[in-house]
Student: 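Below: one structure in structure tokens.
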Amino acid sequence: MAIHSLAHLIFLLFTLLTSTIAYTKLSDESLKAIPDPGDTFNIKTGSILSPILQVRVPGTPGAEKVRQHFYSFFSKELPLWKVTLQNSTQSTPLGGAPITFVNVIATRDPPWARVGEVGRLALVAHYDSKLTPEGFIGATDSAAPVAMILHAAKALDKAMTRKWDDMKAKGQTGGLEAEKGVQLILLDGEEAFVNWTDDDSLYGARALAHAWDSSTNPAMSTHRTTLTEISLFLLLDLLGAKNPRMPSYFKTTHWAYKNMATLETRLRSLQSFKSSPNHPSKAPKSTNPKGKGTTRPTREPVWLNEANKNPNLGQFLGGMVQDDHIPFMARGVEVLHFIPSPFPNVWHTANDDGAHLDIPTCEDWAKLVTAFTAEWMDLEGFMRVEGKPAAPAAEMEKSKRDGVELDRRKEEGIISKTEL
Ligand SMILES: *[C@@H]1O[C@H](CO)[C@@H](O)[C@H](O)[C@H]1NC(C)=O
Ligand SMILES: *[C@@H]1O[C@H](CO)[C@@H](O)[C@H](O)[C@H]1NC(C)=O
Ligand SMILES: [Zn+2]
């Protein structure tokens, strides 16, 4: 009995501790304030997505055009992000002149950040397209995932500014919370030129992981190398087809998968998912008022359907999918891999083009990734519908947030009697 209570007490303390230093849930209002990609994801004219939907084989003018799109997106929409390129020149099994692979990295850190002190959530996707079949667009592979992470950065940029301004004003520029940033990693050369092998694939990722692993920070830095500044490598691939099923591949990041799964459920119950069969836009337009209430909601899909997988029961023995995370994971980086199983049926065919994307699904993914990033960056209290009059001061929102947090803890029964 005594042991049981002690264990219980330790569990309780642990839960309280982690819930205060880790990850603050977004309120419903904040979730609703996440913008839709809307027109920016139009496949013909969308300012974010459409310029990526072209052939962009490494080392070709198409790849350069897509990079120019990224540069102009960052300079126009995200001028506070630092954009860098990491180049490598490598031979391929095709022979001929070596190809220059160009990874594009965009980073936003707190304004007071010092070199080697910031840990970052990395949002990652590859932007190259496969050489064959001729004319291959790779809409799910990975034009749409790139568009999703560009949207997430744009959607949170101002909230990050507000949060950091607020922290600065309060003198809270020390400690872990003050040393968190976001990084977009747009990788080149993921696809094989001939057949997928260790050498014919992941050209950009291998070069970047190697370069960052050997880029040592000043002595006494929190992070030894640029590579260890990645707190979580969140890799998106093959997204944009309807009804994906998303396994949780890795035990050590299952907690992050579960956070994402919770956000999926919450966004669905807020009717924020455009791809949902129960989205308000799909409500039957009944002309007969008596017919109201007779239609049952359609069963809501679940993309992240492994939230209840148990890491302690050996349920993570399954395989994984070879992708850009490999050279990072091999060096100890924590990875959350969002790739569906099975793959979309257009995979590596000429049909993987803009017309075969399910745009509502793409928009929902963009929102979900935005929500996850907002929670990671602890942006509760700083989210608002941009362009609307200023919301209440952050101070007020903070106390509201503490109230919400208290309610949650009450709900989950993790508050001890003495606290109440
Ligand atoms: C990397 O390659 C791009 C494209 O060829 C080029 O514009 C850029 O100057 C190169 N950057 C570096 C740092 O070498
Ligand atoms: C590539 O793989 C295909 C199918 O597995 C095989 O038929 C072909 O010979 C391979 N090509 C090379 C160059 O290894
Ligand atoms: Zn591919």
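Not measured: the values here are computed from a predicted model. In what follows, residues are counted from 1 in the order of the sequence shown. All ligand and atom numbering here is 1-based and tracks the order in the structure.
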Student: Does the side chain of Arg108 pick up a donor-acceptor pair with the side chain of Thr161 at under 3.5 Å?
Tutor: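 Yes, a side-chain donor-acceptor pair sits under 3.5 Å.
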Student: Hey, is there an N, O or S on Asp237 sitting under 2.8 Å from the Zn ion (ligand 3)?
Tutor: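 Within the cut-off used here (under 2.8 Å), Asp237 places no N, O or S atom near the Zn ion (ligand 3).
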Student: For Asn87 and ligand 1, does the shortest N/O to N/O distance drop below 3.5 Å?
Tutor: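 It does: an N or O of Asn87 is found under 3.5 Å from an N or O of ligand 1.
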Student: Right, does atom 14 (O) of ligand 1 have protein non-hydrogen atoms nearer than 4.0 Å?
Tutor: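 Flag for atom 14 (O) of ligand 1 set to true, protein heavy atom closer than 4.0 Å.
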Student: Could you identify the single nearest non-hydrogen protein atom to atom 7 (O) of ligand 1 and state the distance to 0.1 Å?
Tutor: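 Here the nearest protein heavy atom works out to Leu85 CD1, 4.7 Å.
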Student: Please determine if Arg331 and Asp213 form a salt bridge, counting it only when a charged side-chain N lies under 4.0 Å from a carboxylate O.
Tutor: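 Looking at Asp213 together with Arg331, the answer is yes, because their closest N to O distance falls below 4.0 Å.
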Student: Can we say Lys32 and Glu29 salt-bridge, meaning some charged N sits less than 4.0 Å from an Asp/Glu carboxylate O?
Tutor: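 Glu29 and Lys32: not salt-bridged.
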Student: Quick one: look up the protein heavy atom nearest atom 5 (O) of ligand 1 and list residue, atom name and how far away it is.
Tutor: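 Scanning the protein heavy atoms, the shortest distance from atom 5 (O) of ligand 1 goes to Val102 CG2, 4.4 Å.
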Student: Assess the side chains of Asp141 and His126: does a donor N or O sit below 3.5 Å from an acceptor N or O?
Tutor: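 A donor-acceptor contact under 3.5 Å links the two side chains.
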Student: Of all N, O or S atoms in Glu191, identify the one at the shortest distance from the Zn ion (ligand 3).
Tutor: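 Atom name of the closest N, O or S in Glu191: OE2.
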Student: For the CE atom of Met160 and the CE atom of Met383, what is their distance to the nearest 0.5 Å?
Tutor: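 CE of Met383 is found 11.5 Å from CE of Met160.
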Student: Flag atom 2 (O) of ligand 1 as yes if some protein heavy-atom distance to it falls below 4.0 Å, otherwise no.
Tutor: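 It does; a protein heavy atom is within 4.0 Å.
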Student: Answer yes when Glu300 and Arg268 have at least one side-chain N-carboxylate O distance shorter than 4.0 Å, and no when they do not.
Tutor: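 Salt bridge between Glu300 and Arg268, a charged N being under 4.0 Å from a carboxylate O: yes.
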Student: What is the NE2(His348)-the Zn ion (ligand 3)-OD1(Asp141) angle, to the nearest 10 degrees?
Tutor: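 It comes to 140°.
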